[in-house]
Amino acid sequence: MTVNKAARYAEVSKEIATVIEGEGNLIARMATVSNILHHAFDHYFWTGFYVVDPEKPDELVIGPYQGSLGCLRIPFGKGVCGKAATTCETQIVDDVHAFPGHIACDARSESEIVAPVFNSAGELIAVLDVDSDRTAQFDETDRAELEAILNSSFARG
Ligand code: SME
């Protein structure tokens, strides 16, 4: 399972790099990453970016995503996304109902991974939030592969 997942991430990573090559627009890059990831994996139920709002730097605002309607804003420190933004560290949550302050945009979400997104200056610009409708769907393979994709798409892109 993990081997298959890692192999699939390798293919997806190449596909993303090919599609966004030469495209400097951040929204276009985020839209492409969320679309390709979302359609590549069965365990992805909601896939998208919450970006740091330049007008309210202590808030995340919805960016490009795939899936059901997402909440529009998440304050830093609130929920899994807010914790990833505050700590600048990837969060893996096996059971969202057991996570204090979890924000339920869609009641079907059961587990999630949220990874910080940095630009080439090392500044936090967004988080990538992936939710599953099944418990405990994300592991260290998802963490390593997503962090690598985000690094090559937004910090080195
Ligand atoms: N689950 C997230 C909120 C965002 S959505 O589920 C789309 C959180 O607690 O940060």
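Just follow the structure's listing: the first ligand is 1, and inside any ligand the first atom is 1. The basis for the numbers below is simple: all heavy atoms, side chains too, and nothing from hydrogens, waters or symmetry mates.
Heavy-atom contacts of Trp46 reach the following atoms of ligand 1: 7 (C) (cutoff under 4.0 Å). Listed by number with element, the atoms of ligand 1 under 4.0 Å from a non-hydrogen atom of Tyr50 are 4 (C), 7 (C).
When hydrogens are left out, the protein atom nearest atom 3 (C) of ligand 1 is Ile103 O, 3.3 Å; that is the closest non-hydrogen contact. In terms of protein heavy-atom proximity, atom 10 (O) of ligand 1 is closest to Cys81 N, 2.7 Å. The nearest heavy-atom contact from the protein to atom 8 (C) of ligand 1 is Val80 N, 3.4 Å.
Only the side chain of Asp129 comes within 4.0 Å of ligand 1, counting heavy atoms alone; its backbone N, CA, C and O stay farther away. Under 4.0 Å from ligand 1, the heavy atoms of Asp131 that appear belong solely to its side chain.
For ligand 1, one of its N or O atoms has an N or O atom of Glu112 under 3.5 Å away. Note: no N/O pair closer than 3.5 Å links Gly82 and ligand 1 by distance alone. Close N/O approach between Ser109 and ligand 1 is not found [any backbone or side-chain N/O within under 3.5 Å].
Counting heavy-atom neighbours within 6.0 Å of Asp42 CG, excluding the residue itself, gives a total of 12 or less.
His43 and Phe41 have perpendicular rings, their planes meeting at more than 60° on a 0 to 90° scale where under 30° would count as parallel.
Here the side chains of Leu124 and Phe76 are in contact, with some heavy-atom distance below 4.5 Å.
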Test log, rule side-chain contact (heavy atoms from CB on, under 4.5 Å), inputs Asp106 and Asp131: CA-CA 10 Å; Asp106 188 316; Asp131 293 9; over 6 Å; no
Using the ring-ring contact (aromatic ring centres under 6.0 Å, His included) rule, take His38 and Tyr65 through it: C-alpha gap first, then chi angles, then the decisive distance, then the call. CA-CA 9 Å; His38 187 76; Tyr65 69 97; 9.5 Å; no
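Among Glu112, Lys83, His97, Lys78, the one residue that satisfies the side-chain hydrogen bond (donor to acceptor under 3.5 Å, both in side chains) test with His102 is Glu112.
Without hydrogens or angle criteria, Asp139 side chain to Asp142 main chain gives a donor-acceptor distance under 3.5 Å.
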